[in-house]
Amino acid sequence: GAKKAVLNCAIPVLAQDNVIGDYSLNPIELAQTINRVFKNLKSQNIPFQLNATFPLCLLDRDVLAEALKLDWLSVGCHMYRGKGVVFDPTGNILPCTHFSEAPLLENTMSTNGVFLLRNNFWDIWKDENSAAGKFRTALWQYPAKKCAECEYWGGCIGGCPLLWTYFDPQQFISKRR
């Protein structure tokens, strides 16, 4: 049998200046699915790691409390704090893998594969006035005012910001339990 399950939730992607979310469950459906999966795996003593890309407030309270206690949730996105970097095959730097056609920094590799920004990358990346810095600042406006008042705000941050380019946060976050 399985020793551990790792779940990563499908979210919309940005491609050719369009948000594509046709294959994504809406946030409530996603939370309901995770509630069922959690209870099923827990009953079988199979630990799991969930990369939560949706608002934690949509989970059943008992599931959320137990998943946090067991450290089975990975929350928060590296984009908000600039703690992760994603390179595409051509060396462009992306906000995340879901922004495959929307680089923050382009042409960062020489023709022989040398990273051109190796001496000053972190200065550029952490600069609040750079494209990356402005992008991170804009993210903190997502998704709804209710999120800022939530006890899980610092970790959850209302879920993946791409979720809210396809779904209306007011239809889901207002349904808090």
Report task. Using the side-chain contact (heavy atoms from CB on, under 4.5 Å) rule, take Leu64 and Leu73 through it: C-alpha gap first, then chi angles, then the decisive distance, then the call. Result -> CA-CA 9 Å; Leu64 177 57; Leu73 285 176; 3.7 Å; yes
Query raised in the report: Does the side chain of Asp22 come within less than 4.5 Å of Tyr166's, by heavy atoms?
Result: yes
Query - Heavy atoms from other residues, nucleotides or ligands near CD of Glu128 exceed 12 (cutoff 6.0 Å) - result: no
**Report entry** Leu104 side, atom CG; Phe135 side, atom CZ - distance, nearest 0.5 Å
**Finding:** 6.0 Å
Query raised in the report: Shared ILVMFWY cluster between Val19 and Val86, side chains joined below 4.5 angstrom?
Result: no
Query - Within one Ile-Leu-Val-Met-Phe-Trp-Tyr cluster: Leu94 and Leu105, side-chain cutoff 4.5 Å - result: no
Query - Check: Ser130 side chain, Ile124 main-chain N or O, donor-acceptor pair, under 3.5 Å - result: yes
**Report entry** Nearest atoms (heavy-atom pairs only) where Pro27 meets Pro55
**Finding:** CB-CD, 4.5 Å
Report summary line: Rounded to the nearest 0.5 angstrom, the CG-CG distance for Leu68 and Leu59 is 8.5 Å
Query raised in the report: Do Ile46 and Ile34 share a hydrophobic cluster (ILVMFWY, side-chain heavy atoms under 4.5 Å, transitive)?
Result: yes
Report task. Classify the ring geometry between Phe121 and Phe87 as parallel (under 30°), tilted (30 to 60°) or perpendicular (over 60°). Result -> tilted
**Report entry** Straight-line distance of Trp72 CH2 to Leu41 CG, nearest 0.5 Å
**Finding:** 7.0 Å
Report task. Would you list the pairs meeting salt bridge (charged side-chain N to carboxylate O under 4.0 Å, His left out) in which at least one residue belongs to residues 30-41, sequence neighbours left out? Result -> Lys39-Asp60
**Report entry** From CZ (Arg61) to CG (Asn35), nearest 0.5 Å
**Finding:** 11.5 Å
Query raised in the report: Should the ring pair Trp125 and Trp122 be called parallel, tilted or perpendicular, given that the plane angle runs from 0 to 90° and is split at 30 and 60?
Result: perpendicular
Query - Closest heavy-atom pair and its distance - Ala102, Pro95 - result: O-CD, 3.3 Å
Query raised in the report: What is the distance from atom CG of Leu162 to atom CD1 of Ile20, rounded to the nearest 0.5 Å?
Result: 11.0 Å
Query raised in the report: Quick one: side-chain hydrogen bond (donor to acceptor under 3.5 Å, both in side chains) pairs with a partner in residues 104-114, sequence neighbours left out?
Result: Ser110-Asn112
Query raised in the report: Any link between Val13 and Leu163 through a network of hydrophobic side chains (Ile, Leu, Val, Met, Phe, Trp, Tyr) touching at under 4.5 Å?
Result: no
Report task. Quick one: do Leu70 and Lys42 satisfy side-chain contact (heavy atoms from CB on, under 4.5 Å)? Show the steps, please. Result -> CA-CA 10 Å; Leu70 294 169; Lys42 179 97 171 62; 3.7 Å; yes
Query raised in the report: Can you find a heavy atom in the side chain of Phe115 that is under 4.5 Å from one in the side chain of Ile93?
Result: yes
Query raised in the report: Measuring from Thr33:OG1 to Ile28:CD1, what's the distance to the nearest 0.5 Å?
Result: 11.5 Å
Report task. Look at the rings of Trp164 and Phe172 and say which category their plane angle falls in: under 30° parallel, 30 to 60° tilted, over 60° perpendicular. Result -> tilted
